[in-house]
Every structure is written in C-alpha cells, then in structure tokens.
K.L.:
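My questions will all concern the structure given below.
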Amino acid sequence: HSYLWIVSNLVPKMNDTKHWLVTPGKGGEDWENQKENGFVGIGFIRVDLSRFFKQDGTYINDNSKREFRDALRARENVSETKAPNHMSQIQWFMRIKKGEKIVAYFNSTIRGIGEIIGDYELRENEAYRHTKKVKWYDLTERKVPASVLKLQPAAMTVQEFPKHWK
C-alpha cells in the first residue's frame with residue numbers, strides 16, 4: 001500500500017468495496033455544489049442517459065449503443081476520436097452502483113470520499129446533469145504525493161480507482 005493510504009488510515013476502508021475516482025466538473029469547478037447538494041455529476045451529453053442505459057450501466061438493447069454513439073456525435077458535436085473516450089467514461093459512470101465509493105479528486109488533491117446512495121438521475125438544472133446521490137462522509141483533503149501521481153495515466157472525469165493508489 002502506498003504511503004498516502006497508510007498515513008490517512010484509508011487502507012481498511014478501501015479493501016472491501018469498489019471505488020471510483022471522479023473529477024467533479026472541469027478542473028473541479030463543481031465540487032462545492034456537488035458536495036453541498038449530496039451528489040456526484042458528470043456532463044458530456046445533454047440527453048437523458050436512461051434512454052440508452054439500464055441502472056446497472058448496461059445498454060438497454062442491441063441498438064442502444066449505436067443510438068448513444070450517434071447521439072453523442074451528432075447532438076454534442078463530439079469528434080470521432082473523442083467519442084470512444086466519452087462513451088467509456090459515461091458508461092463507467094452508469095455502472096457505479098449503490099454502496100460503491102466515490103473519491104472526488106482534482107488538482108492533485110483528494111477532496112472527499114462518499115458512498116453512492118441513489119440511482120442515476122437527470123438534473124437538467126445542473127451544469128453536470130447526469131447525477132447519482134452521494135453521502136459524503138470524509139471531507140478531509142489529502143494531497144496525492146508526486147511519486148504516486150506520476151504513475152497515473154492522463155486524468156479522466158470518471159475511472160476506476162487506480163490500484164497503485166491503494
């Protein structure tokens with residue numbers, strides 16, 4: 001286990017449940033809103049994701065993946081090269097289940113840790129409208145050491161918690 005998790009007493013909490021690393025808005029710009037209102041949210045596309053995905057993150061039917069890809073490209077003007085990356089991150093977000101943990105992270109700092117307590121919900125009034133309710137239970141900020149950060153591939157909005165961070 002890395003120094004970060006040992007000194008912060010998170011090791012026992014990290015071993016039993018799947019954890020996801022999420023950036024709350026571009027550059028963390030929506031962190032205060034998401035923290036105060038008890039949710040985690042992403043953007044990428046303006047359409048309701050429940051048109052394409054079941055609550056478990058799988059596509060509704062055989063046509064859903066194609067329809068989703070087409071909507072992402074057409075409505076959101078996402079290039080061919082970025083569409084697969086956006087599709088993957090949205091699908092990862094949709095796969096996050098109740099009881100799993102969210103680690104809010106940006107600017108090389110962990111901002112908060114919470115547990116997912118709700119299914120997908122479209123909040124049209126939010127900038128990052130694709131949401132899941134979260135009970136934020138640890139708001140201790142922790143700087144991630146440079147030695148650990150350098151092992152991290154390019155930051156994404158949603159990803160499984162990096163194994164080398166545990």
Side-chain angles (χ1 to χ4, degrees), residues 1-58 85-166:
H1 294 285
S2 75
Y3 172 76
L4 173 70
W5 299 112
I6 293 168
V7 299
S8 65
N9 195 27
L10 290 176
V11 172
K13 298 174 193 171
M14 297 292 290
N15 290 331
D16 58 350
T17 305
K18 190 165 200 168
H19 283 65
W20 297 87
L21 194 63
V22 176
T23 302
K26 189 174 183 178
E29 68 186 7
D30 203 42
W31 169 236
E32 291 300 322
N33 177 44
Q34 292 184 24
K35 176 178 72 173
E36 290 172 18
N37 292 297
F39 72 92
V40 63
I42 63 169
F44 294 115
I45 188 169
R46 292 179 189 91
V47 298
D48 186 345
L49 296 177
S50 64
R51 288 180 39 200
F52 312 107
F53 294 97
K54 298 176 191 173
Q55 285 293 343
D56 67 1
T58 60
N85 180 28
H86 290 179
M87 286 179 69
S88 295
Q89 291 187 66
I90 293 167
Q91 189 170 21
W92 290 336
F93 182 79
M94 294 301 289
R95 285 182 177 164
I96 300 171
K97 298 176 181 71
K98 287 182 193 174
E100 292 182 339
K101 309 298 186 215
I102 293 293
V103 178
Y105 165 85
F106 61 94
N107 293 339
S108 69
T109 303
I110 291 171
R111 306 299 172 145
I113 302 169
E115 179 179 337
I116 296 292
I117 59 171
D119 290 325
Y120 169 77
E121 189 179 335
L122 177 68
R123 297 184 188 197
E124 293 193 25
N125 59 331
E126 295 289 348
Y128 299 91
R129 62 188 61 207
H130 305 294
T131 69
K132 294 188 179 207
K133 289 182 183 175
V134 175
K135 178 182 178 192
W136 297 107
Y137 60 83
D138 184 343
L139 298 174
T140 304
E141 291 192 2
R142 297 170 180 87
K143 193 84 167 154
V144 179
S147 61
V148 174
L149 274 179
K150 73 179 181 181
L151 301 172
Q152 181 65 20
M156 292 189 280
T157 301
V158 181
Q159 61 191 0
E160 284 192 54
F161 196 82
K163 290 178 181 16
H164 65 275
W165 284 27
K166 291 183 182 179

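Residue numbers start at 1 and run along the sequence shown.
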K.L.:
What's the spacing between Asn37 CG and Glu32 CD if we round to 0.5 Å?
P.N.:
10.5 Å
K.L.:
Once rounded to the nearest 0.5 Å, what's the spacing between atom CG of Leu21 and atom CZ of Phe106?
P.N.:
12.0 Å
K.L.:
Looking only at side-chain N and O atoms, does Thr109 offer a donor or acceptor that is under 3.5 Å from a partner on Asn107?
P.N.:
no
K.L.:
My understanding is that only residues two or more places apart in sequence, or in another chain, count here; which of them pass salt bridge (Lys or Arg N to Asp or Glu O under 4.0 Å) with Arg111?
P.N.:
Glu141
K.L.:
In the structure I gave you, are the side-chain heavy atoms of Leu49 and Leu122 within less than 4.5 Å of one another anywhere?
P.N.:
no
K.L.:
Have a look at Thr131 and tell me which of Glu121, Gln34, Arg123 forms a side chain to side chain donor-acceptor pair (under 3.5 Å) with it.
P.N.:
Arg123
K.L.:
The test is side chain to side chain contact (heavy atoms under 4.5 Å, CB included); show your working for Ile90 and Phe53 and say whether it passes.
P.N.:
CA-CA 10 Å; Ile90 293 167; Phe53 294 97; 4.0 Å; yes
K.L.:
How many angstroms lie between CH2 in Trp136 and CD1 in Ile113, if you round to the nearest 0.5 Å?
P.N.:
9.5 Å
K.L.:
Measure from the side-chain N and O atoms of Ser50 to the backbone N and O of Asp48, and report whether any donor-acceptor pair falls under 3.5 Å.
P.N.:
no
K.L.:
Counting only heavy atoms from other residues, nucleotides and ligands, does the tally under 6.0 Å from NZ of Lys35 exceed 12?
P.N.:
yes
K.L.:
Does Arg129 come within less than 4.0 Å of Glu126, counting only side-chain N to carboxylate O?
P.N.:
no
K.L.:
I need the Thr23 OG1 to Ile42 CD1 distance, nearest 0.5 Å.
P.N.:
11.0 Å
K.L.:
Please give me the minimum heavy-atom distance between Lys143 and Ser108, naming the atom from each residue.
P.N.:
NZ-OG, 2.8 Å
K.L.:
First locate atom OG1 of Thr58, then atom CD of Gln91, and finally report the distance between them rounded to the nearest 0.5 Å.
P.N.:
8.0 Å
K.L.:
Please list, chain by chain and in numerical order, all residues satisfying side chain to side chain contact (heavy atoms under 4.5 Å, CB included) with Lys26, sequence neighbours excluded.
P.N.:
Glu29, Tyr128
K.L.:
Look at the rings of Tyr120 and His130 and say which category their plane angle falls in: under 30° parallel, 30 to 60° tilted, over 60° perpendicular.
P.N.:
parallel
K.L.:
Supply the atom-to-atom distance Lys101 NZ to Lys18 NZ, rounded to the nearest 0.5 angstrom.
P.N.:
14.0 Å
K.L.:
So do the side chains of Ile116 and Val40 get within less than 4.5 Å of each other, counting heavy atoms only?
P.N.:
yes
K.L.:
Testing Lys97, Lys98, Lys54, Lys132 for salt bridge (charged side-chain N to carboxylate O under 4.0 Å, His left out) with Asp119, which one passes?
P.N.:
Lys98
